[in-house]
S.K.: 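I'd like to ask some things about the structure below.
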Number of protein chains: 2
Amino acid sequence: MKIVLDHYDYNILELLNDNARLSYAEIGRLIGLSQSAAKERVISLVDRGVIKKFGIEVDYSLIGYSLPVLIHLKFRNDDFKIFLNQLQQFPEITSCKRVTGEYCLVAEAVLKDNSHLEHLIDRLIRYGIPSTAIRLSEVGMPNFFTLHKSKLKKS
Amino acid sequence: MKIVLDHYDYNILELLNDNARLSYAEIGRLIGLSQSAAKERVISLVDRGVIKKFGIEVDYSLIGYSLPVLIHLKFRNDDFKIFLNQLQQFPEITSCKRVTGEYCLVAEAVLKDNSHLEHLIDRLIRYGIPSTAIRLSEVGMPNFFTLHKSKLKKS
DNA sequence: TGTGAAATTTAATGGCG
DNA sequence: CGCCATTAAATTTCACA
């Protein structure tokens with residue numbers, strides 16, 4: 001069940017975490033592998049499911065979506081499917097997680113303005129009571145893999 | 001202040017959002033531009049700050065961090081700097097956002113097990129009362145740009 | 001801004017330790 | 001598993017529109 005990664009894998013994850021567009025050749029150079037081996041490693045990480053996706057981080061505030069919010073939701077269980085469907089009609093919702101506790105879902109959305117938020121709340125309120133918080137800023141966190149690879153014993 | 005994107009830009013963001021490793025040549029092919037033009041566009045999006053980062057999404061549960069949690073935090077303002085420093089000592093915290101409302105910070109962490117969580121709470125509790133929720137699952141959301149590009153008028 | 005073309009670098013494959 | 005070598009493809013740069 002648990003996948004064991006060696007220091008090559010951790011180094012690759014560290015590099016791709018910072019820049020997913022690095023070429024295999026450059027990855028190889030940086031970690032001391034040939035380009036073929038580096039490529040095999042990356043593909044293997046994808047095949048094993050460790051890397052779920054190569055994506056981008058977007059600054060939505062620059063393109064007109066300057067109201068980022070967190071929405072906490074309670075909902076009635078019988079409407080769950082319909083409710084999720086409603087959520088997915090809103091592409092402004094960039095992520096949605098089911099969690100334990102008083103609120104069942106925590107969603108993040110990027111909205112244009114207050115009336116955009118109002119519209120979103122109007123559609124959600126049928127299914128439960130949404131609690132909205134404005135996301136003021138992000139606190140930068142270090143690369144997960146930078147600190148974890150150092151815990152590995154040399155092989 | 002607001003950056004206006006055309007349909008080429010939206011198409012590029014849509015593509016890179018799904019696969020950040022697409023080659024410029026392929027991007028160009030898919031949206032009807034030469035590779036040079038496609039590359040210019042991507043670089044311009046990065047330079048203007050719209051694309052903040054090319055990164056990866058990792059399945060941490062596969063590599064031993066099978067307890068994903070959301071932590072809501074209240075803290076005393078006088079300790080804010082020290083508090084953030086504490087947070088950044090924990091690379092298991094993958095994101096941290098300052099929000100309005102009763103709780104000032106919402107952090108996400110990937111932990112190994114309950115004792116790992118206990119250790120994290122022990123270090124955070126000095127600064128305020130953390131409220132922990134287990135992240136049960138993620139609800140898949142559609143690509144933000146897929147639905148937004150269709151709203152553009154042809155130029 | 002976009003295109004096209006030439007030189008350099010990478011990607012992809014297959015065979016070998 | 002990783003390295004090397006080869007062919008195909010992509011990147012980079014630049015002149016031109």
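Order of the sequence lines fixes the chain letters, A, B, ..., with proteins taken first and strands second; residue numbering starts at 1 for each chain.
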S.K.: Enumerate the protein-to-nucleotides 7-9 of chain C contacts in which both atoms are nitrogen or oxygen and the separation is below 3.5 Å.
M.R.:
none

S.K.: What residues form a side chain to side chain contact (heavy atoms under 4.5 Å, CB included) with A/Q35, not counting sequence neighbours?
M.R.: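 Scan of A/Q35 (side chain to side chain contact (heavy atoms under 4.5 Å, CB included), adjacent residues dropped) gives A/A25.
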
S.K.: Sequence neighbours left out, cut at 3.5 Å: what donor-acceptor pairs do the side chains of residues 52-60 of chain B make with other protein atoms?
M.R.:
unit_1, atom_1, unit_2, atom_2, d
B/K53, NZ, A/N17, O, 3.0
B/D59, OD1, B/S61, N, 3.1
B/D59, OD1, B/S61, OG, 2.5

S.K.: Suppose the criterion is salt bridge (charged side-chain N to carboxylate O under 4.0 Å, His left out): which pairs have a residue in residues 123-144 of chain B, not counting sequence neighbours?
M.R.: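 Residue pairs passing salt bridge (charged side-chain N to carboxylate O under 4.0 Å, His left out), neighbours aside: A/K97-B/E138, B/E108-B/R135, B/R135-B/E138.
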
S.K.: If you count heavy atoms of other groups shown closer than 6.0 angstrom to CD1 of B/I129, is the number above 12?
M.R.: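 No, the 6.0 Å shell around CD1 holds no more than 12 heavy atoms from other groups.
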
S.K.: To the nearest Å, give me how far apart CZ (B/R41) and P (C/dG2) are.
M.R.: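 Whole-Å distance recorded here is 4 Å.
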
S.K.: Dot-bracket for DNA chain C, please, read 5' to 3', with Watson-Crick or G-U wobble pairs under 3.5 Å on both distances, ( ) within the strand, [ ] crossing, | other strand, . unpaired.
M.R.: ||||||||||||||||.

S.K.: Check side chain to side chain contact (heavy atoms under 4.5 Å, CB included) between B/T132 and all other residues, then give those that pass, not counting sequence neighbours.
M.R.: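 Only B/V69, B/I71, B/L117, B/I121 meet the side chain to side chain contact (heavy atoms under 4.5 Å, CB included) criterion with B/T132.
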
S.K.: Can you name the side chain to side chain donor-acceptor pair (under 3.5 Å) partners of A/E118, sequence neighbours left out?
M.R.: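 A/E118 satisfies side chain to side chain donor-acceptor pair (under 3.5 Å) with no other residue.
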
S.K.: Taking protein heavy atoms under 4.0 Å as touching, what does nucleotides 11-17 of chain D look like 5' to 3' if B marks base contact, S marks sugar-phosphate-only contact and - marks none?
M.R.: BBB----

S.K.: Which residue pairs pass the salt bridge (charged side-chain N to carboxylate O under 4.0 Å, His left out) test with at least one member in residues 13-40 of chain B, sequence neighbours excluded?
M.R.: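 For residues 13-40 of chain B: B/E14-B/K149.
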
S.K.: Just grab all the salt bridge (charged side-chain N to carboxylate O under 4.0 Å, His left out) pairs involving residues 82-91 of chain A, residues at least two apart or on different chains.
M.R.: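 Sorted result for residues 82-91 of chain A: empty, none.
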
S.K.: Could you tell me which residues satisfy ring pair (Phe, Tyr, Trp, His ring centres under 6.0 Å) with B/Y65, sequence neighbours excluded, listed by chain and number?
M.R.: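 Testing B/Y65 for ring pair (Phe, Tyr, Trp, His ring centres under 6.0 Å), a comparison that skips the adjacent residues, returns A/F144, A/H148.
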
S.K.: Under the rule for ring pair (Phe, Tyr, Trp, His ring centres under 6.0 Å), what residues qualify as partners of B/Y103, not counting sequence neighbours?
M.R.: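 Expected list: B/H72.
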
